[in-house]
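Inspection log for the structure reproduced underneath, given as C-alpha cells.
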2 protein chains.
Amino acid sequence: MVTIKQVSELAKVSSATVSRVINNADSVKLETRKLVEAAMKELGYRPNSIAQSLASNKTNTVGYVVPQLYGSFGIMMSGSEEVLRRANKHMFIMTGHSNEKDEKSAIEALLMRRCDALILHLESTSDEYLIELAKQKVPFVLVNRVIEAIEDNCISLDNHFGGYLASKALIDKGHRDIAYIAGSLWKSDAIERLQGHKEALAEANIAYDESLIYEGDFQVHSGVEGIETLLNAGKKFSAVACGNDEMASGAIGALRDAGLKVPESVSVVGFDDVEFSNYLTPRLTTIRYPMKEIGQMAARWILNRAYENSSMQLQHVLSPHLIERESVCDAGG
Amino acid sequence: MVTIKQVSELAKVSSATVSRVINNADSVKLETRKLVEAAMKELGYRPNSIAQSLASNKTNTVGYVVPQLYGSFGIMMSGSEEVLRRANKHMFIMTGHSNEKDEKSAIEALLMRRCDALILHLESTSDEYLIELAKQKVPFVLVNRVIEAIEDNCISLDNHFGGYLASKALIDKGHRDIAYIAGSLWKSDAIERLQGHKEALAEANIAYDESLIYEGDFQVHSGVEGIETLLNAGKKFSAVACGNDEMASGAIGALRDAGLKVPESVSVVGFDDVEFSNYLTPRLTTIRYPMKEIGQMAARWILNRAYENSSMQLQHVLSPHLIERESVCDAGG
DNA sequence: AACACACATGTAAACGCTTACAAAACATTC
DNA sequence: GAATGTTTTGTAAGCGTTTACATGTGTGTT
C-alpha cells in the first residue's frame with residue numbers, strides 16, 4: 001500500500017502538506033495542491049483511515065447494535081444510513097441476538113473500535129449497564145426503549161397510543177365485541193399496546209372482558225392458537241386486535257379455516273405494518289410503526305450530540321398511526 | 001481512555017508484556033498475567049483496536065457491500081455474520097444503492113479502512129473495475145454474479161436451473177398452456193430464469209409461444225400488469241410462472257380481481273421464496289433462493305483465502321429448489 | 001532598505017499499539 | 001560453579017497519519 005510519505009516524495013513536498021490537501025483544510029497553494037493531487041493519482045494513493053483515526057482520535061463511525069440483520073431492523077438502519085451518509089459518517093453494524101452476552105460484547109467491540117457514538121437496539125441488557133455507559137460519557141442513543149434516568153438518550157414509539165388507535169379504529173366501525181391477541185406480556189411494548197386497547201374500550205364505555213384476551217408470543221402460530229382458543233371457548237366477537245402483524249396473519253388464516261370471512265364476519269387489525277402486511281389477503285389494516293423515522297431520528301441525535309455539540313431538542317417519542325386497508329369493515333358486515 | 005501504558009505502570013511491567021497478555025500469545029508467567037489482568041480490570045482498560053490494527057496491519061474486519069440494508073440482503077448478511085462471528089471477524093457494512101457511484105465509493109471507503117477482505121453484492125459496477133480490483137490482490141468475493149476472468153471469486157445461484165424447476169413443477173401437474181411474467185430482461189438473472197423456463201417447455205415438447213411472455217420489472221405492479229395484458233389479449237393459460245415473488249403476488253391479486261381462482265383456475269409459481277411468500281393467500285409455491293447459504297459460503301471463502309491462506313475448493317454455484325405450497329394444483333382444477 | 005504581516009510549507013512529536021531483538025532470570029547438566 | 005539452554009521480560013523501532021510550532025517566502029508600507 002502506498003503511503004503519504006511516498007506521495008510527498010514524488011510531489012517533492014512534506015507529508016504535512018499532503019495531509020493538508022487530503023483534508024483540504026488550511027491553506028495550500030493551488031499549484032502545490034495540483035502537484036500533490038497528481039502524485040496521489042499516479043501512485044493510486046488511498047489514505048489509511050486507520051492511521052487517520054489514530055492520529056485524529058476520531059473514526060467518523062457510529063456503532064450500531066441490532067438484534068438481527070434482517071427484518072424491520074433493516075428499515076431502521078437504512079433510515080440512519082440515509083442521514084449519516086450525508087454527513088460522511090459510516091456505520092459499524094453488529095448484532096446482539098437478543099441475548100445479554102452478545103449485546104454486551106457487541107457494545108464492547110464497538111467501543112474498542114473507538115466508534116464516535118453508538119445507536120443501540122437492545123433487548124436483554126440491563127438498565128444499570130446503560131446508565132453506567134452514559135456515565136462514561138459514551139454518546140449513545142437507545143432505541144425502542146426508555147430508561148427514565150437517561151431519558152434524553154432514548155427514542156421510542158408510543159405503543160400505548162398505537163394500541164389505542166388500533167382498537168379505536170374497530171370501535172369507530174361499530175364493533176363492540178373485540179377480542180385481543182397480545183404479544184408476550186413480559187415485554188413492555190406488549191403491555192403498553194394492551195393498555196392502549198383497554199383505554200379505547202373504556203373511552204367507548206365497553207366493559208373490559210378478560211376472557212377475550214389471549215396472550216401470544218408475537219409469532220404467527222400464536223395468532224392461530226389465539227383464534228382457536230377463543231372460538232373453542234365459544235367466545236363471540238366481531239373483531240380482533242392483534243399485538244403485531246405476524247399474529248394478525250395467523251389469526252386471519254385461522255378465521256378463514258374456521259369458515260369465517262375476514263373482514264365480513266370478523267375484522268382484524270395488526271400492529272407494526274411490516275412489509276408483508278400489504279401482501280396479505282385481505283390486505284391488513286394495521287398500525288404503522290415508523291421504523292425508518294426512528295432510525296433517522298437516532299442518526300440526527302448522534303449528529304447533534306456527538307459531532308456538532310449542539311443539543312437541539314429532538315422528538316423522543318414518535319407517534320404511530322393507523323394504516324387503513326382491507327381487513328376491517330363495519331360491524332355487521 | 002486508559003492506555004496500555006497506564007496498565008503497564010500499574011502492573012509494574014513493560015507495555016510489551018501487557019500486549020502479550022492481551023493477545024495471550026507468547027509466554028507470560030501465570031503470576032504476571034494475573035497481575036496484568038488485575039490492573040486492566042481496575043482501570044477498565046479496553047484495547048484500542050484502531051491502534052492494534054495500525055500496528056499489526058490487520059483489522060479483523062471484512063467489508064460488505066449490499067444494495068440496501070433491508071430485504072433479502074439481510075438474510076444473506078446474517079448468514080455471513082454467523083460464520084464470521086465464530087472466527088472472531090467483524091463486518092463493516094456499506095450500501096451501494098444499486099448505482100455505480102455509490103458502489104465504487106463504498107468499495108473505496110472499505111479499502112481505506114483496510115478491511116482484510118470484501119464481500120460484494122453489486123449491481124452497477126463494471127466487470128473491468130472488479131478485474132482490476134482482483135489484480136490489486138484485494139481478496140474479495142463477488143456474490144450473485146459471475147465474471148469469467150475471476151470465476152474463483154464468484155458465488156452465484158443457478159438461475160437457469162431455478163427457472164427450469166419452476167416451469168417443470170407446472171408441467172408435472174399437467175399444465176401445458178403456461179404464461180411467463182419475466183423480470184427486467186436486461187438483467188442477467190431475469191434472462192437466465194426465462195431460459196430455464198424455455199428449456200422446461202422444450203423438454204416437454206411444448207411449443208414456445210412468445211405471446212405468452214410478458215416482460216415486467218420485478219415489482220408487484222408489473223405482475224398485475226402482466227396478467228391484465230395477457231387476459232386482455234385473450235390469451236388462454238392454466239398456469240403462470242413469475243420471475244420473482246413480488247410479481248407473483250401481483251399476479252395472484254390480478255387473477256383474483258379478474259374472477260379467476262388461484263390455484264383452481266390458474267396456478268402460479270414464484271421465484272426467490274421471500275419472507276412474505278409464505279403469508280400470501282394461497283401460500284405461494286416458489287423457488288427457494290438460498291440467500292443465507294450464499295452468505296455463509298461467501299464468508300467461508302473469505303476465511304479460507306484471506307485468513308487461512310488455504311484454498312480449499314468451495315461450491316461456487318448454488319442450486320435452488322422448489323418449495324411446494326398452495327398456489328399450484330393439477331391442471332383442470 | 002528595513003519592517004511588519006500574511007500566507008505557505010516544513011519539522012517532528014504524538015496517537016496506542018505490536019514485535020524483532022536484546023537482556024535477564026531461572027533451570028539443567030556436567 | 002561454570003556452561004548451556006529455556007523461559008520470561010524489557011527496549012525501542014516501527015505502523016501512517018495529524019497537528020502544534022517553527023521557518024520560509026512574498027507583499028505592502030514607510
Side-chain angles (χ1 to χ4, degrees), chain A residues 1-40 43-61 88 90 108-116 307, chain B residues 1-40 43-61 88 108-116:
Chain A
M1 284 275 86
V2 12
T3 71
I4 207 175
K5 190 123 185 303
Q6 300 174 41
V7 174
S8 74
E9 279 162 6
L10 180 58
K12 300 195 196 315
V13 298
S14 74
S15 61
T17 298
V18 178
S19 172
R20 291 189 181 100
V21 351
I22 291 170
N23 300 291
N24 51 300
D26 292 22
S27 46
V28 179
K29 226 194 330 185
L30 182 64
E31 192 183 339
T32 43
R33 172 187 302 274
K34 297 256 187 206
L35 231 54
V36 171
E37 278 166 351
M40 295 199 304
L43 296 174
Y45 172 67
R46 287 192 189 96
N48 180 332
S49 49
I50 296 289
Q52 289 180 315
S53 295
L54 184 61
S56 67
N57 198 31
K58 49 199 286 264
T59 54
N60 289 311
T61 299
N88 271 306
H90 298 135
E108 284 302 319
L110 259 15
L111 292 175
M112 285 177 54
R113 270 167 208 258
R114 299 299 188 267
C115 289
D116 298 325
Y307 290 110
Chain B
M1 284 274 84
V2 13
T3 71
I4 206 175
K5 189 123 186 303
Q6 300 173 39
V7 174
S8 74
E9 279 160 7
L10 180 58
K12 300 195 196 314
V13 297
S14 74
S15 61
T17 298
V18 178
S19 172
R20 290 187 183 102
V21 350
I22 291 169
N23 300 290
N24 52 300
D26 293 24
S27 45
V28 179
K29 225 194 329 186
L30 182 65
E31 191 183 338
T32 42
R33 171 186 301 275
K34 298 254 187 209
L35 230 54
V36 171
E37 278 166 352
M40 297 199 301
L43 296 175
Y45 173 66
R46 287 192 190 99
N48 180 332
S49 49
I50 296 289
Q52 289 180 313
S53 295
L54 185 61
S56 66
N57 198 31
K58 49 200 285 265
T59 54
N60 289 311
T61 299
N88 271 307
E108 284 301 320
L110 259 13
L111 292 175
M112 285 176 55
R113 272 172 203 256
R114 298 300 188 267
C115 288
D116 299 325

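Within every chain, numbering begins at 1; the chains are lettered A, B, ... in the order of the sequence lines, protein sequences first and strands thereafter.
Between the CZ atom of B:Arg20 and the P atom of C:dG16 there is a distance of 21 Å, given to the nearest Å. Rounded to an integer number of Å, the gap from A:Leu30 CG to C:dC7 P is 16 Å. Distance, A:Asn48 CG to D:dC15 C1': 8 Å, rounded to whole Å. The CG atom of A:Asn60 sits 13 Å away from the C1' atom of D:dT18 (whole-angstrom rounding). The distance from atom NZ of A:Lys58 to atom C1' of C:dG16 is 19 Å, rounded to the nearest whole Å. The distance from atom CD1 of B:Ile50 to atom C1' of C:dT18 is 15 Å, rounded to the nearest whole Å. The distance between atom CD of A:Glu31 and atom P of D:dT25, rounded to the nearest whole Å, is 15 Å. Between the P atom of C:dG16 and the CE atom of B:Met40 lies a distance of 17 Å, rounded to the nearest Å.
Side chains of A:Lys12 and A:Leu35 form no contact here, defined as non-hydrogen atoms less than 4.5 Å apart. Inter-residue side-chain proximity for A:Ile22 and A:Ile4 is flagged as met; some heavy-atom pair is nearer than 4.5 Å. Considering only heavy atoms from C-beta on, B:Asn48 stays 4.5 Å or farther from B:Met1 through its side chain. Residues B:Arg33 and B:Asn24 form a side-chain contact, since some pair of their non-hydrogen atoms from C-beta on lies under 4.5 Å apart.
Counting heavy-atom neighbours within 6.0 Å of A:Asn57 CG, excluding the residue itself, gives a total of 12 or less.
Residue B:Pro47 is the one, among B:Pro47 and B:Lys29, whose nearest nucleotide of DNA chain C lies closer to the 5' end (criterion: closest heavy atom). Residue order along DNA chain D, read from the 5' end via each residue's closest nucleotide, puts A:Leu54 first among A:Leu54 and A:Thr17. Heavy-atom nearest nucleotides on DNA chain D were determined for B:Val28 and for A:Val18, and the one closer to the 5' end corresponds to B:Val28.
Using a 4.0 Å cut-off, no side-chain N or O of B:Asn57 falls inside it from OP1 or OP2 of C:dT18. Residue B:Ser19 has a polar side-chain atom (N or O) positioned under 4.0 Å from OP1 or OP2 of C:dT18. OP1 or OP2 of D:dT17 has not a single side-chain nitrogen or oxygen of A:Ser56 nearer than 4.0 Å. Phosphate contact (OP1/OP2 of C:dA8, side-chain N/O of A:Ser27, threshold under 4.0 Å): present.
In this structure, the nucleotide among D:dT9, C:dC17, D:dT17 sitting nearest to the side chain of A:Gln52 is D:dT17.
Here the side chain of A:Ser8 pairs no donor or acceptor atom with the backbone of A:Val18 at under 3.5 angstrom. Remark: the backbone N or O of A:Met112 is paired with a side-chain donor or acceptor of B:Ser49 at under 3.5 angstrom.
Between the base of D:dG16 and the side chain of A:Arg46 there is no donor-acceptor pair shorter than 3.5 Å.
The stretch residues 108-115 of chain A has no heavy atom under 4.0 angstrom from DNA chain C at all. Of the residues in residues 1-16 of chain B, those lying under 4.0 Å from DNA chain D by heavy-atom distance are B:Val13, B:Ser14, B:Ala16.
B:Ser49 comes within contact range of no nucleotide atom at all, as no heavy-atom separation falls under 4.0 Å.
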